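Each remark here refers to the structure printed beneath this line.
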There are 2 protein chains.
Amino acid sequence: MLDPSPARTVARATGAARQSTVRESNLGLALATICAAPSPPSRATVAAEAGITRSTASRLVDELVGSGLVDEGVARLAGPGRPATPLLPAARVCALGLQVNAAHVAVRMINLRGEVLAESRSEPDLVGSHPDEGLQLLAGHVRRVLDQGPAGARLLGAGLALPGVVDAAGTRLLKAPNLGWTEVDPRAGLAPVLAGIPLSVANEANLAAHAFAQPTPGRRSAHAHFVYLSGEIGIGGAVVTDHQVQEGSHGFAGEIGHVTYLPGGDPCPCGSSGCLERYAGRLAMTTRAGLPPSTTLVELGRLARHGHEGSSRALALAAEALGVVLSGAINLLDLPTVVLGGEIGDLAEDLAPVLTQTLQERVMASPWMTIQVTRDRDDVAGATGAALRQLSQVVQNPSAYVAA
Amino acid sequence: MLDPSPARTVARATGAARQSTVRESNLGLALATICAAPSPPSRATVAAEAGITRSTASRLVDELVGSGLVDEGVARLAGPGRPATPLLPAARVCALGLQVNAAHVAVRMINLRGEVLAESRSEPDLVGSHPDEGLQLLAGHVRRVLDQGPAGARLLGAGLALPGVVDAAGTRLLKAPNLGWTEVDPRAGLAPVLAGIPLSVANEANLAAHAFAQPTPGRRSAHAHFVYLSGEIGIGGAVVTDHQVQEGSHGFAGEIGHVTYLPGGDPCPCGSSGCLERYAGRLAMTTRAGLPPSTTLVELGRLARHGHEGSSRALALAAEALGVVLSGAINLLDLPTVVLGGEIGDLAEDLAPVLTQTLQERVMASPWMTIQVTRDRDDVAGATGAALRQLSQVVQNPSAYVAA
DNA sequence: CCTGTTCGTTGCGTGCCAAAACTATCGGCA
DNA sequence: TGCCGATAGTTTTGGCACGCAACGAACAGG
């Protein structure tokens, strides 16, 4: 158990730089600049924004336009001097985002501009279901979205968001307690409808957090560091530092629902006890409030505001539990923002007072920092994030796309 | 409290690449390769290891030798073919690491090879002391180390490790509960003895974790992802992902001692209650065991092994508390290794059974990962890390040094 | 119609690395 | 002793990226 050996050492993995590296880096910078711009920039604006000369920017943009990653607008940008050609991320370059959780199945097609080109969704009850059921439902949505989508669309890839532990390679779901799925490889079942589009799987909350950190491809939100909490029947989470989702060494990071709130508390199907999910998960809250398990959190919040005792108690306990666990994350990682997403986002305003109070008390550095509690309004954030992550990879390194 | 505004966006901060960027990057790569090599490499070995051509490697190494960052060995490397000149990180390029905590004051001079050139330390009791007392003691050690150190030493900088919350700029200690210091700027007091050497301040556990992740400048340990726990009177910590210490958005990250173990538990001077430190800190453990506060943890461990009831109970409770809090960190961040440093490292073998068991039970992904508990044997790891961090900056970007 | 302004392009120079040829210096072997 | 193979390190040539500066293009306003 205890490893007495001194740490062995390994060489550093950073690669050598060459001229082509400069090109690749600047090509990515140019594309990211165009994607991040609040309004379509000209070549000159890209140059100024990116800190390169106009000649170089022009060469880079020409290459991006040539490869189809950037569109040139038709209307010229007026003003004194020669009118400029506006540049926009390509509308036809897009990716699919898929999502299955216990209450939502959704598929979105999103393009490089961050526009949703097509969408299909349903709200089945997949608690304790067989994987095939959910995957077939999902396949139907994929078909509809592919039909709805524009004809000339160029699909880069697809991502699937699942509420559970996914292996490091992004191929297999190991365990999704609330769906009741174990060891599922969704790629085989979806391959027919995806028609050759590569699919990568990831944890739903991690993808939702990605979408919150980078709301459109290449654009970074004002929140660089935050802890994301995705509350449905269970609770998932993610830690984002410097706009990047922390994946951990195997890709298992983000299981905040199974962080202990109360040692020796309610036993949890995961094998532990006192997990946050047993106090702030939907099922736990409705049960505690004496409501039927199908009650939504919106409904529970409404009842609490109208004086329903059980709901109020359940809410207060959830807020306390969230405060204790989130303060732990903040103490450990100095995260100034808490984002409530998924269904629990609907309770944000009800939870905020107790939650904020608890955070103030329990975060050691609270006198020197302000902690913000905010919410994510995207109700299929997992699907959004799954598509955006595919697109981000291209923005990061357009050379790979240009070559292909 | 609740922020309703949608996330505003900011442009990406990555800079433009040019030819000089390639040079800088490869110069850093060459130096890092030399530093990370298990035995002094030749120019040809550097080229092979770094993935660049011999001609380029030669030019880079020549520049490093010329600037004094790399030494050429005198003895040739024998074997078939032309003998090679061995390359070593410069022995005379070094940095100072300073440390003050409640029980240890230490100063180390470490060079680019990771060798300790000089050291001076003492073990005063600074609990509730005045900052001037500790800083004057420290200044004495600095003087002694500067005297002891080799004559031609080229000092790059100095780092100071403190057991508390340090501001983002690395200039001021905001709060160190166990020393009883608040709002201290150590740079003014130390400026006379440091004679122009720039000083940067940081949290002790963060620096200790840095030293564990990168045991000598430019070399990376086998542990890329881990949570570090530095246990003295209080408990500090750090999270390391991909060999990098997580600093957080203000540099406050790592306050694992004030993560809640038991909501509503023992009140803590930090204003919260049930903090880990109240169960696994030295003071908490000795008090609980019915021993005088000056008892060391080694002593407590010895007593527990010899059947002392109170000590055994205190140990078991500490292990349980550590297990609960660390499992939370692992669930959140997927960290396969726990490192026990500082005085609590002496208890590693006593804590490991219960700790490992608790981690197995409480970490959701434990069936798919092995969690290793190990220890850091450096008893002034804060000072070591403070010096190493200074040196790492040069290895990262030698161009800045070459120019100066 | 002229002028000032900004956009975008073109040609040239510089700096860096890759590739390959070349030189230096060993060990081994007849 | 002298030759050969092997490896280290250097030199030369070429290619490719960007910066710089000058130029042409296309507008707005007087």
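Everything quoted here is computed from the prediction, not taken from an experiment. Every chain is numbered from 1 and lettered A, B, ... according to where its sequence line falls, protein lines coming before strand lines.
- Between the CD atom of B/Glu24 and the C1' atom of C/dG15 there is a distance of 13 Å, given to the nearest Å.
- Taking side-chain N and O atoms only, B/Thr85 has no distance below 4.0 Å to OP1 or OP2 of D/dA8.
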- Taking protein heavy atoms under 4.0 Å as touching, what does nucleotides 18-30 of chain C look like 5' to 3' if B marks base contact, S marks sugar-phosphate-only contact and - marks none? SB----BBBS---
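- Proximity of A/His225 to A/Thr337: side-chain heavy atoms (C-beta onward) are nowhere separated by under 4.5 Å.
- Residues that satisfy the side chain to side chain contact (heavy atoms under 4.5 Å, CB included) test with B/Val70, not counting sequence neighbours, are B/Leu31, B/Ile34, B/Leu64, B/Val65, B/Leu87.
- Judged as a side chain to side chain contact (heavy atoms under 4.5 Å, CB included), and not counting sequence neighbours, the contacts of B/Ala209 are B/Phe226, B/Tyr228, B/Ala238, B/Val240, B/Val245.
- If you measure from atom CG of A/Leu87 to atom C1' of C/dC7, you get 12 Å, rounded to the nearest angstrom.
- The phosphate of D/dG9 has OP1 or OP2 within less than 4.0 Å of a side-chain N or O from B/Ser42.
- Separating the CG atom of B/Leu60 from the P atom of C/dG15 is a distance of 16 Å, rounded to the nearest angstrom.
- Identified under the salt bridge (Lys or Arg N to Asp or Glu O under 4.0 Å) test for residues 388-398 of chain A, with sequence neighbours left out: A/Glu247-A/Arg389.
- The salt bridge (charged side-chain N to carboxylate O under 4.0 Å, His left out) search around A/Arg23 returns A/Glu63, not counting sequence neighbours.
- Screening residues 34-43 of chain A for side chain to side chain donor-acceptor pair (under 3.5 Å) gives A/Ser42-A/Thr45, A/Arg43-A/Asp62, A/Arg43-A/Glu72, A/Arg43-A/Thr85 as the qualifying pairs, with residues at least two apart or on separate chains.
- Residue A/Asn26 places no side-chain N or O under 4.0 Å from the OP1 or OP2 atom of D/dA17.
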